[in-house]
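This report concerns only the one structure given below.
Because the structure is predicted, anything quoted here is derived from the model rather than measured. Letters go in sequence order (proteins before strands), and every chain restarts at 1.
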4 protein chains.
Amino acid sequence: MEQAAFDKKYIALRREFHRYPEPAWLEYRTTARIIQHLEELGLRPRWGRDIHQAEARMGLPGADTDAAWLARAVEETGRGDLIQRMAGGFTGVVVEIDGALPGPSMGVRVDIDSNDLTESEDLSHRPAREGFASCHPGAMHACGHDGHIAIGLGLAELLAGSRDRLRGKVTLFFQAAEEGGRGAQSLVARGLLDHIRWFWSGHIGINDAPVGTVSASTYGFLSGTKFDVTFLGRASHAGKAPEEGHNALAAASNAVLNLLAIPRSGKGVSRVNVGMMEGGSGRNVIPDYARICAEARGGNQEVSDYMLESALRVCRAAADMYQCRMEQEIRGRSMTVACDPELAEFAARRARELPGIREVVAASDMGAGENVTFMMDRVQKRGGKATFLLLGGSITAPHHSRAFDFDEAVIPLAARLFAGIALGLGETEREDKG
Amino acid sequence: MEQAAFDKKYIALRREFHRYPEPAWLEYRTTARIIQHLEELGLRPRWGRDIHQAEARMGLPGADTDAAWLARAVEETGRGDLIQRMAGGFTGVVVEIDGALPGPSMGVRVDIDSNDLTESEDLSHRPAREGFASCHPGAMHACGHDGHIAIGLGLAELLAGSRDRLRGKVTLFFQAAEEGGRGAQSLVARGLLDHIRWFWSGHIGINDAPVGTVSASTYGFLSGTKFDVTFLGRASHAGKAPEEGHNALAAASNAVLNLLAIPRSGKGVSRVNVGMMEGGSGRNVIPDYARICAEARGGNQEVSDYMLESALRVCRAAADMYQCRMEQEIRGRSMTVACDPELAEFAARRARELPGIREVVAASDMGAGENVTFMMDRVQKRGGKATFLLLGGSITAPHHSRAFDFDEAVIPLAARLFAGIALGLGETEREDKG
Amino acid sequence: MEQAAFDKKYIALRREFHRYPEPAWLEYRTTARIIQHLEELGLRPRWGRDIHQAEARMGLPGADTDAAWLARAVEETGRGDLIQRMAGGFTGVVVEIDGALPGPSMGVRVDIDSNDLTESEDLSHRPAREGFASCHPGAMHACGHDGHIAIGLGLAELLAGSRDRLRGKVTLFFQAAEEGGRGAQSLVARGLLDHIRWFWSGHIGINDAPVGTVSASTYGFLSGTKFDVTFLGRASHAGKAPEEGHNALAAASNAVLNLLAIPRSGKGVSRVNVGMMEGGSGRNVIPDYARICAEARGGNQEVSDYMLESALRVCRAAADMYQCRMEQEIRGRSMTVACDPELAEFAARRARELPGIREVVAASDMGAGENVTFMMDRVQKRGGKATFLLLGGSITAPHHSRAFDFDEAVIPLAARLFAGIALGLGETEREDKG
Amino acid sequence: MEQAAFDKKYIALRREFHRYPEPAWLEYRTTARIIQHLEELGLRPRWGRDIHQAEARMGLPGADTDAAWLARAVEETGRGDLIQRMAGGFTGVVVEIDGALPGPSMGVRVDIDSNDLTESEDLSHRPAREGFASCHPGAMHACGHDGHIAIGLGLAELLAGSRDRLRGKVTLFFQAAEEGGRGAQSLVARGLLDHIRWFWSGHIGINDAPVGTVSASTYGFLSGTKFDVTFLGRASHAGKAPEEGHNALAAASNAVLNLLAIPRSGKGVSRVNVGMMEGGSGRNVIPDYARICAEARGGNQEVSDYMLESALRVCRAAADMYQCRMEQEIRGRSMTVACDPELAEFAARRARELPGIREVVAASDMGAGENVTFMMDRVQKRGGKATFLLLGGSITAPHHSRAFDFDEAVIPLAARLFAGIALGLGETEREDKG
């Protein structure tokens, strides 16, 4: 396929995925469409329970939500045959592309889930203006994972078409449930990373650089814990007997303020967020129930632990203050890893040779958690090398905001860059041995 | 009908209404069943748009909620013919019972809506143990309105069977949407109270007295305002750029604490409650949205105004603090009235004569708001007299709590008491004139 | 003395006391001046350790403060001879006036301490304009106790001049440390109230009525507890290691908000105030210390207990939240009593007969705590009768505010009213027996 | 002087300064003693108004405090002659040491003020155990400035004794009021830094390294602003009319929590602290006054500005919430600078040659503000070079905590290192030109 046609095809694909966002563990339509595309390329994707260790999946949605999203995906795709095999939150796809020549085992991860946001309908927002904004209420691709899917599929096509000169094998991971740090652990526990010698992944639009700028190494992955806290109090009539109530919503509100007020640490970056809260049952009833969904993070394990410990102490005291019971549940985790300079430098070299790449910048700061770190960590622990690339692409609003969009030219460029790395790595190994 | 059979019938009816609770403006099944019962008594109830001033109804639920409850009610009753006429929140019933003899125009109000609570499933809770607990998730009769409906229907039967000796006319109001102070205004605006000369109503289980104890006069109706406040901020990635967010959930949490901290007033009883809150969209997104449902009340209009004004100021400042926009909406109101001693004394006299009444106590303290005050106020403004009775009946847990239940023996007793008052009032007037 | 001269004298005296305010247990100058005046009337006042049970005095100031105020009082009066006998917080005076004729034992209490406020210097404030504003920084008579002293001294003069027709004995208590509920307990413990058969007291300027209006009976005495809470945390460098600090000031601030947010009670009036707070040691040090001075009150003992218990729980949880230690200290108490109708009605009768009294209103609402309740309670427990009068006198600003002042015409009128009661009571008893 | 005697002398001197700590702008005794020592070395120190630009001094204490500390210093030293010349907060000393040979103009800064802490009396704390703990209540050298003074005086002795081989001139700045970022600006505004070509300074005990470890370059100076906020409300009687009060203490408490909750920034280190708070006037008065002393800092100017702006917005909204007026006052500032590699490398070289230095580590993270940055900035703006050394010295507790102490062996070692740098720099320049 000519480059212009290739570029057009994968930008169009990104827009399709953008229009049908699905959050973590609910990527039924998304997974089905990825399978279809890979099969059209003559590949044999694996999915469903084959690629998961069921109990290692974290933060699954409730059964009702699951059923509703699954039903809609079946309706949208007409592919109940595919989707039934992934029912119950066994989403995501793994596919292997074997080169014609011997060589190393390589792995690439792209993530596929969306965010819990309602997309902007403002006509200044391109997806709204051009008609590919989310049609799933409350869900939106606001972190570029739609672009990541398109990069992964483009990469599959490029590698599938270069099998004759590909040395070794490339495993592509279309990973579910990156948001919240919930999906990678299951693939790792299933052993799917154990054989990978070279492993890379990347993210669009971080660091505010234009398309053509890349960084081949990343630091500053935040380590963190996602957790829910439920406050259980006692209801009473707010007019007649407010003193008989144990106000769970007051406890939760007090927790929110004091969670945000946990002291910053002199030992590294710290973060805490209460992303959601709900509570109470009726306007004139003292609330006997409130729940918060929160996360505590740190630039290193020590700070991360400090934040979590402080957060749980704050919640406990807030519950005590209002005579409430407190229940806590850990919902996801992320960790810190370091990129391997050897692989990063190789990737940077390949980038410099690629038309369209304008600048390869130094190692960049992630400043966030990334679930892929669990996969990188496993590869490294088994003796392999891993890195994470930041792929420039101007954005229109911060990640995870309702008006987020990015320069789509990054999609085909990143697919070519990843293909170049895969093709080059096998070559290099041969030379090393030669 | 014999007294024992009568008693049994109306206790059974109460249990049926208890099993199918419907909150304000969604009393579709409830209204249909009331109509059926009244028609069986040979009465000709009115309902739907005939009894409402559409725009005077406050705090209507959203269209989706309305459609869902209506559909279920149709399914539960098979009476789509009745229910379609009340679609869109035109619930409640008004019925007139004409005596054979001339006499005054009398009115009795009973309320019919349930609360937003999930009923206790504990076997120590009689409705759970005996199988008449709510089968509508999230809804529960936790304020005795199920009993009020049964009293109203029992009263209708007693009066319908005594038409020959009834002097004057009794209008029974099965009022929708008492909770939140939302339904009475519409009946008043429609002019339905304008002709009433004597008007009374009552409440079960207040003041912790056993069945047989009544108070014929009530003071301490709280005046108040129900209001919602929405905080609109700006989302951002909680890891990468928390400083770019305007945290609506933090604003709302701060509002909650400071609403509760509004200074008590030296000028009368004050109350404030945030009964519900929800906010945020995703765990690692700075929340750009939060909403609270609150109420501010006072023992008199001055304190009530002070509480509302303070509450709105607190919310405004909390929004400013977190750079959020604030939207407020008034959702319901209640007011303060005084019972007329003349009618209260008459009711007390009738009570003392009634078998089963053990004690008539002095005027009692309501300590809460009651939407019927709008009806009482209209009657009084048109020159009529009004009172509100408290009907003893041991309760198992505070009103508006998940384990609320009451001694059902109050139901037939109250029906007989109300019938006695109605029959007596006409008699009295005749004597007065005689 | 002529009435006009009498009036002028006691208004002038009030102004002198106003100019030299002294807070609880530091009324050295005040006590000395009262003694001088009583001695000039030929009376033999008692003071110092003779009238106190040392350990029953509550909420004493620190030794440094005590020494400083004592020294200044000595300087201001030149009466170190008197003052040394009251050193260490043994302030206040008791004096007995014996009638020439046999009769009952009567008691009258006036309080003498000032408030911890800096008086307004605004020229719209009469004491500032006319030069009798406080010359003691941080202290101010903002609750009318300066007027009470003048009433007490005027009463002493009137009774001393009417000994020949006074039946029985009147004990005047110039009580120290009314504010904070700290002084009466000591007089009670000393047994000074045990013999009193009729006991009364009063307060200026409550209920916003003009001079000439009085109420002879009072209800709504708030019961309450004064308490201090100290939060002890851990200091650290706020720039380098904020995470090592345990922030006592954050704990205290959180306590303040949540103390104010303690649910109002449906069982009676509730109050809570944090009147003072201090904390921290340096701007860039995480505060390891904070202290709050608070009070919790209720319209009855149950609510009062509920408020105190809730307040201490809030403080404990706030300390836990910030890993601080908490120390609590009870600093004073007040209680609830009921006035005796028999004495109240007698006082009302005498009031109606007195020129200058324009209206005797029904029992009035105190809506505050009064330390005299401990004395009233003891009298009643020993079989005597007690009441508390509210003495109309327009005020310029709320009690305990910096611009408080009152209509001084109440002073001589109240002295005459109290004298009238005392002279009348003996008379009555005689008649009763006659 | 032999090295052992020198070491002993300056450790003893440190202990003397430790015993008599004086906070910012109150270093009267300290300044006098420094002058005496310098004069004993035959030097001619300058002080008082000669070295200050009066209006550039920030955050001066109140007149009463100033007078009290001055009086005590006169008493302690018997040197009113010296001290009167620095009355009113003109503390600190500047002295020049001229070499016998031509060379560059060099400058060294040491800071001399103490912290607002009460020193630990625990016998595990060496100053307490060995009798040199602070005898000034509420003041303590908890940041090692006592050691800095001793280093500065030791350096003066070493240079004064090496004049014959010193090329150029060294100006020693014994700077007042480093804490709070208040003193350096005045020396800069006076022009005293304008001629300096090489400028350095240092800090003891940062980075937790033992004596013998030094870093010759420092990054991570926090930029920040010290500010006070006063909340002015309205007092009222907390029992009778709490609703009439505008609670300034509640406003301040709410500000404290929400200041701590200002979102962390993704753009750099952020800090905020409320170091002190006081408010209210009496226990049963709604507080009409509260004041907080705070600081907001950032790792760069953008974050620093963001923190200050957010902080003032929080305070304004907290004031609005409680109907208070807010007054703000800027009390001090610090800024960010970069050390010059050229000078840092020279200092590192000299360090490596010095007996007793065990390790020269890479550029270290300050993680705090330093007032000397204003002096460094001026030197750099005039074309000179500046650096800041971190001087290892084990500490017993964090800086600014009550049990802070450090390994005194750092004192003579640092004096020798600084002397070595000064003697070497002149030499180098000569070689450069040669």
Side-chain angles (χ1 to χ4, degrees), chain C residues 23 115-118 138 142-143 179-180 206 222 224 226 234-242 244-245 247 249-250 252-257 260 271-288 290 292-295 297 331-332 366-369 398-402, chain D residues 23 115-118 138 142-143 179-180 206 222 224 226 234-242 244-245 247 249-250 252-257 260 271-288 290 292-295 297 331-332 366-369 398-402:
Chain C
N115 307 96
D116 300 313
L117 278 172
T118 296
C143 199
E179 296 289 346
I206 310 234
L222 295 184
K226 321 285 175 184
R234 188 168 75 186
S236 72
H237 190 292
K240 289 203 68 64
E244 292 184 9
N247 193 329
L249 190 49
S253 295
N254 195 28
V256 168
L257 288 188
L260 297 176
R271 291 284 183 272
V272 60
N273 189 44
V274 179
M276 288 180 287
M277 172 164 164
E278 51 147 10
S281 59
R283 188 186 301 276
N284 59 349
V285 183
I286 300 293
D288 65 349
I292 60 173
C293 301
E295 60 177 12
R297 300 198 264 193
R331 303 282 296 173
M366 184 68 181
H399 290 74
H400 293 201
S401 67
R402 301 176 54 207
Chain D
N115 307 96
D116 299 313
L117 279 171
T118 297
C143 199
E179 296 290 344
I206 311 236
L222 295 184
K226 321 286 175 183
R234 189 168 75 186
S236 71
H237 190 292
K240 289 202 67 64
E244 292 182 10
N247 194 328
L249 190 50
S253 295
N254 194 29
V256 168
L257 287 188
L260 297 177
R271 292 284 184 274
V272 60
N273 189 43
V274 179
M276 288 181 286
M277 172 165 163
E278 50 146 11
S281 58
R283 189 185 300 276
N284 59 350
V285 183
I286 301 293
D288 65 349
I292 60 172
C293 301
E295 59 178 10
R297 299 199 264 194
R331 303 283 295 173
M366 184 70 182
H399 291 74
H400 292 201
S401 68
R402 300 177 54 205

request  = Could you look at C/Arg283 and say if it's the side chain, the backbone, both or neither that has a heavy atom under 4.5 Å from chain D?
outcome  = both
key: Parallel, tilted or perpendicular: ring planes of D/His237 versus C/His399, cut at 30 and 60 degrees   = perpendicular
task = Measure across D/Pro287 and C/Asn273 and return the closest heavy-atom pair with its distance rounded to 0.1 Å.
result = CD-OD1, 3.9 Å
inquiry  = Tell me which of these, D/Glu278, D/Glu295, D/Arg297, has more heavy-atom pairs under 4.5 Å with chain C than the rest.
reply    = D/Glu295
inquiry  = I need the minimum non-hydrogen distance between D/His400 and D/Cys143, along with the two atoms involved.
reply    = NE2-SG, 3.5 Å
request  = Could you look at D/Asn284 and say if it's the side chain, the backbone, both or neither that has a heavy atom under 4.5 Å from chain C?
outcome  = both
key: Greatest number of heavy atom pairs closer than 4.5 Å to chain C - which of D/Ser253, D/Gly245, D/Pro23, D/Gly224   = D/Ser253
request  = Pick one of side chain, backbone, both or neither for C/Ala294, based on which atoms fall under 4.5 Å of a heavy atom in chain D.
outcome  = backbone
request  = Please state whether the side chain, the backbone, both or neither of C/Leu260 comes within less than 4.5 Å of a heavy atom of chain D.
outcome  = side chain
ask   = Listed by chain and number, what are the salt bridge (Lys or Arg N to Asp or Glu O under 4.0 Å) partners of C/Arg402, not counting sequence neighbours?
value = none
task = Considering only heavy atoms and a distance below 4.5 Å, find which of D/Leu222, D/Asn115, D/Asn254, D/Ile292 pairs most often with chain C.
result = D/Asn254
query = Which atom names give the shortest non-hydrogen contact between C/Leu117 and C/Ala142, and what distance separates them?
reply = CD1-CB, 3.7 Å
message = Test of understanding: with salt bridge (Lys or Arg N to Asp or Glu O under 4.0 Å), list the residues that count as partners of D/Glu179, not counting sequence neighbours.
response = none
key: Among D/Glu244, D/Arg234, D/Lys226, residue most engaged with chain C (heavy-atom pairs, under 4.5 Å)   = D/Lys226
query = Most heavy-atom pairs under 4.5 angstrom with chain D, which of C/Val274, C/Val272, C/Asn247, C/Leu249?
reply = C/Leu249
task = Determine the option with the most heavy-atom pairs under 4.5 angstrom with chain D, choosing from C/Ala235, C/Gly280, C/Gly239.
result = C/Gly239
ask   = What residue, out of D/Ser401, D/Ala238, D/Gly138, has the most heavy-atom pairs lying under 4.5 Å from chain C?
value = D/Ala238
query = Top residue by heavy-atom pair count (under 4.5 Å) with chain D, among C/Ala290, C/Cys293, C/Gly279, C/Ala368?
reply = C/Gly279
message = Within the 4.5 Å heavy-atom criterion, are D/Pro242 and C/Arg271 side-chain neighbours or not?
response = yes
